[in-house]
Amino acid sequence: MRVLLVRPPRMKQSINLGEVMYSEPIGLEMVYTVLENDYEVEIFDMMAENKDLIEKIKEYAPDIVGLTSLCIDVEPVLSMAEKIKKYKEDIEIVAGGTQAFFSPESFFSSYIDHVMKFTTEQNLNALFKYIELRLKKENELLESDAPLIDGVHSRVNDFKSTEVRGRNQYIKPNRKSTEKYRGEYSYFGYKPAAIMGTAQGCSKGCDFCLRWRLEGYSESYFDIDSVKNEIREIKEPTIMIFDNDFLHSKDRINQVCDFLEEENINKNFICYASVKSILENKDEIKRFVSLGLKAALVGYETFKEDDLKSYKKGSTTNDSIKCSMFTKKIGLDVWASFIFHPDWTKKDFKDFRRYIKILDPEISTFSPLTPFPGLPLYERYRERLLFPKEDYEKWSFGQVVIKPENMSLRRYYVEILKTIIYVNTVRNNIFYITKKFGFLSLFRLAKGSFGLLGKYSKLILKSSS
Ligand code: B12
Ligand code: SF4
């Protein structure tokens with residue numbers, strides 16, 4: 001049986017970082033690991049490919065196509081599934097990925113056969129064994145019936161599944177499966193770069209954040225030997241660790257540092273970290289910087305104490321300032337993220353820009369507060385939502401989804417645009433990128449940023465004054 005695993009192409013219409021960079025489709029690499037023992041499997045990464053999907057399908061002739069997804073991918077996945085079924089009806093289509101976890105119902109369509117809400121070795125094997133039998137048509141019963149598999153919603157069962165609530169399992173990714181694309185994968189200016197995980201979950205539970213919902217409300221660390229193995233095997237000079245807060249545990253940072261020293265490993269590392277962890281583990285972080293940690297993605301979020309409290313962030317604006325002073329002192333770059341609160345006034349935006357000047361992160365990224373369906377925030381802002389939750393691609397953390405309280409939507413977008421332009425030109429981003437990664441990177445990233453600016457300008461024109 002032949003399986004084609006596909007990542008959808010960049011969505012031109014939505015506001016998303018995919019314009020600027022993309023990393024390896026590590027979820028598909030994990031699915032590949034499980035399936036490669038029994039089937040012929042290939043990854044077709046449409047973020048890095050020019051070839052048309054149907055052309056590829058004609059050439060490869062898969063029995064099953066697996067499609068991965070984020071919130072911005074609902075439309076592309078549905079339309080790809082439709083095209084595939086219209087080309088050849090008996091190709092079995094399975095949708096998976098983050099969006100399938102949060103909203104499996106977004107893929108309950110006549111063109112999709114199975115939606116995998118959460119993925120484990122066990123449920124992947126169970127589903128693919130069933131599909132194999134069904135395609136061989138050895139068992140007539142299976143033609144009209146499917147077993148109920150935890151986490152799997154199948155069309156023949158009217159997309160009903162068991163009530164078991166599971167999580168995605170971290171499976172060792174097979175990076176050879178993306179060999180031909182790997183030169184294209186980057187993390188911001190670092191190219192080529194690989195991504196990996198060393199733990200799941202986050203005990204901080206910030207109110208706006210989806211990640212602890214996805215992975216659990218406490219940190220669970222993967223076996224350190226398998227972490228070491230992954231680092232050893234990665235060929236790229238840069239590794240982005242996508243744990244929610246890699247700098248959370250002193251012991252863990254030290255274990256990794258010991259390993260890097262023992263094996264004399266020289267790589268660049270990038271990771272997510274919280275202000276709280278940075279302030280709690282200064283010595284260990286300093287050590288890690290000396291062994292290759294180049295940048296931390298830190299959620300500073302806002303300049304307002306009240307906002308931080310309402311987000312249940314667990315740190316103060318003063319902590320953020322202390323954090324930025326410390327990271328500058330030890331030469332750790334901060335790629336900060338901020339949230340535009342829907343109640344901000346014109347003065348707030350102005351104060352916010354002043355605050356960014358104080359923190360002075362090397363890179364700043366922004367997103368409007370997005371009360372993703374299922375989060376407590378969704379209920380809090382329900383009355384002020386500008387779009388229904390089924391308007392999936394609007395919920396991409398790039399677009400304003402809550403009606404601003406103190407100005408018109410158009411004015412609000414103007415303030416957003418002003419802030420982005422200010423930060424990218426007057427403050428730091430352009431100079432930092434050129435200095436750090438050279439003109440070519442600046443060109444690549446700027447091309448994406450201009451695209452984003454264009455999209456915000458369109459939103460200003462579209463929104464009512
Ligand atoms: C690293 C990362 C990025 C990186 C790299 C992404 C990449 N590969 O190119 C960058 C910075 C580029 C990025 C960008 C964006 N990201 Co991002 N990202 C992440 C992060 C931190 C890790 C993703 C990851 O690799 N997870 C690990 C893998 C293993 O998980 P997975 O893909 O879900 O795979 C598992 C299963 O789903 C399953 N699976 C996956 N595919 C398939 C397919 C089939 C057929 C099957 C059966 C199973 C299956 O297999 C795996 C088993 O464990 C997550 C948070 C998180 N902890 O997941 C956010 C996250 C996924 N991103 C998110 C968002 C919103 C975005 C952006 C849209 C943001 C924006 N507006 O710009 C863009 C989209 C860019 C794009 N077009 O791809 C959201 C998604 C929300 C949602 N409902 O979908 C998350 C959850 C963060 C958040 N805000 O809470 N992202
Ligand atoms: S610390 Fe980061 S990952 Fe953890 S809940 Fe808060 S925002 Fe989410």
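Counting starts at 1 for both ligands and their atoms, in listed order. What you see below is based on every heavy atom in this structure, not just the backbone, and it leaves out hydrogens, waters and symmetry mates.
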Polar atom proximity, Ser23 to ligand 1 (N or O, under 3.5 Å): yes

Within reach of ligand 1, part of Thr98 (heavy-atom separation under 4.0 Å): both

Gln169 neighbourhood, listing ligand 1 atoms whose heavy-atom distance to it stays under 4.0 Å: 52 (C), 53 (O)

Note: ligand 2 atoms sitting under 4.0 Å from heavy atoms of Trp212 are 5 (S)

Heavy atoms of Asp90 and Leu135 approach each other most closely as O-CD2, 4.0 Å

With backbone taken as N, CA, C and O and side chain as the heavy atoms from C-beta onward, which portion of Glu24 lies under 4.0 Å from ligand 1: side chain, backbone, both, or neither? backbone

Give a yes/no verdict on a cation-pi contact between Lys294 and Tyr190, requiring under 6.0 Å between NZ or CZ and the six-membered ring centre and an angle within 45° of the axis. no

Which of the atoms of ligand 1 are close to Phe397, meaning less than 4.0 Å from one of its heavy atoms? 65 (C), 89 (N)

Would Arg211 count as a cation-pi partner of Tyr272, with NZ or CZ less than 6.0 Å from the six-membered ring centre and within 45° of the ring normal? yes

How far is atom 3 (S) of ligand 2 from its nearest protein heavy atom, and which residue and atom name does that atom have? Asn244 CB, 3.6 Å

Cys202 backbone or side-chain N/O/S under 2.8 Å from atom 6 (Fe) of ligand 2: no

Is the closest heavy atom of Arg10 to ligand 1 under 4.0 Å? no

Of all heavy-atom pairs linking Thr238 and Ile270, the shortest is CG2-CD1, 3.8 Å

Relative to ligand 1, is Phe101 under 4.0 angstrom through side chain, backbone, both or neither, heavy atoms considered? neither

Evaluation steps, side chain to side chain donor-acceptor pair (under 3.5 Å), between Glu24 and Tyr181: CA-CA 8 Å; Glu24 61 195 298; Tyr181 304 122; over 6 Å; no

So is Phe118 in contact with ligand 1, going by heavy-atom distances below 4.0 Å? no

Less than 3.5 Å apart, any donor N or O on the side chain of Thr120 or Asn123 sitting next to an acceptor on the other? yes

Heavy-atom proximity to atom 25 (O) of ligand 1 ranks first, among Leu5, Ile26, Thr365, for Ile26

Shortest non-hydrogen contact between Leu214 and Arg167, atoms and distance: O-NH1, 3.6 Å

Given that the side chain starts at C-beta and the backbone is N, CA, C, O, which of these parts of Arg7 lies under 4.0 Å from ligand 1, counting heavy atoms, or is it both or neither? side chain

Minimum-distance pair of heavy atoms, taken over all atoms of Arg252 and Thr198: NH2-O, 3.0 Å

List ligand 1 atoms under 4.0 Å from Gly97, heavy atoms only on the residue side. 37 (O), 39 (N), 40 (C), 41 (N), 42 (C), 49 (C)

Residues at least two apart in sequence or cross-chain that pass ring-ring contact (aromatic ring centres under 6.0 Å, His included) with Phe303, listed by chain then number, are Trp344

Considering the heavy atoms of Met30, write down every atom of ligand 1 situated less than 4.0 Å from one of them. 29 (C), 52 (C), 53 (O)

With a 4.0 Å cut-off on heavy atoms, is Gly205 in contact with ligand 2? yes

Do any heavy atoms of Lys313 fall under 4.0 Å from ligand 2? yes

Check this for me, if you would: do Glu49 and Arg7 make a salt bridge, where the nitrogen-to-carboxylate-oxygen distance has to be below 4.0 angstrom? no

re atom 5 (S) of ligand 2, the protein heavy-atom contact at minimum distance is Cys206 N, 3.2 Å

Within the 4.0 Å heavy-atom cut-off, what Leu67 brings close to ligand 1 is backbone

Honestly, for Glu215 the part within reach of ligand 1 (heavy atoms, under 4.0 Å) is side chain

Where the side chain of Ser161 meets the backbone of Asp150, is there a donor-acceptor pair that is under 3.5 Å apart? no

One finds that the ligand 1 atoms under 4.0 Å from a non-hydrogen atom of Met47 are 76 (C), 77 (N), 78 (O)

Hey, could you give me each pair passing salt bridge (charged side-chain N to carboxylate O under 4.0 Å, His left out) that has a residue in residues 193-205? Not counting sequence neighbours. Lys204-Asp245

With a 6.0 Å cut-off (strictly less than), is the heavy-atom count around NZ of Lys129, excluding the residue itself, greater than 12? yes

The atoms of ligand 1 lying under 4.0 Å from a heavy atom of Gly66, numbered in the order shown, are 45 (C)

Between Lys191 and Glu184 (salt bridge meaning N to carboxylate O under 4.0 Å), is one present in this structure? yes

Does any N or O atom in Cys71 lie less than 3.5 angstrom from one in ligand 1, N or O only? yes

Enumerated ligand 2 atoms positioned under 4.0 Å from heavy atoms of Cys209: 3 (S), 5 (S), 7 (S), 8 (Fe)

In ligand 1, the atoms that come under 4.0 Å of a heavy atom of Val94 are 45 (C)

Minimum heavy-atom separation for Pro8 to Pro76, with atom names? CB-CB, 4.2 Å

Name the residue from Val94, Ile91, Ile112, Asp113 that meets the side-chain contact (heavy atoms from CB on, under 4.5 Å) definition with Val65. Ile91

Just to be sure I'm reading this right: ignoring hydrogens, which of Leu70, Asn168, Val65 gets closest to atom 78 (O) of ligand 1? Compare them by their nearest heavy atoms. Leu70

Which of the atoms in ligand 1, numbered in the order shown and given with their element, are less than 4.0 Å from a heavy-atom of Phe372? 83 (N)

Heavy-atom distances under 4.0 Å decide this one: backbone, side chain, both or neither, for Trp395 against ligand 1? neither

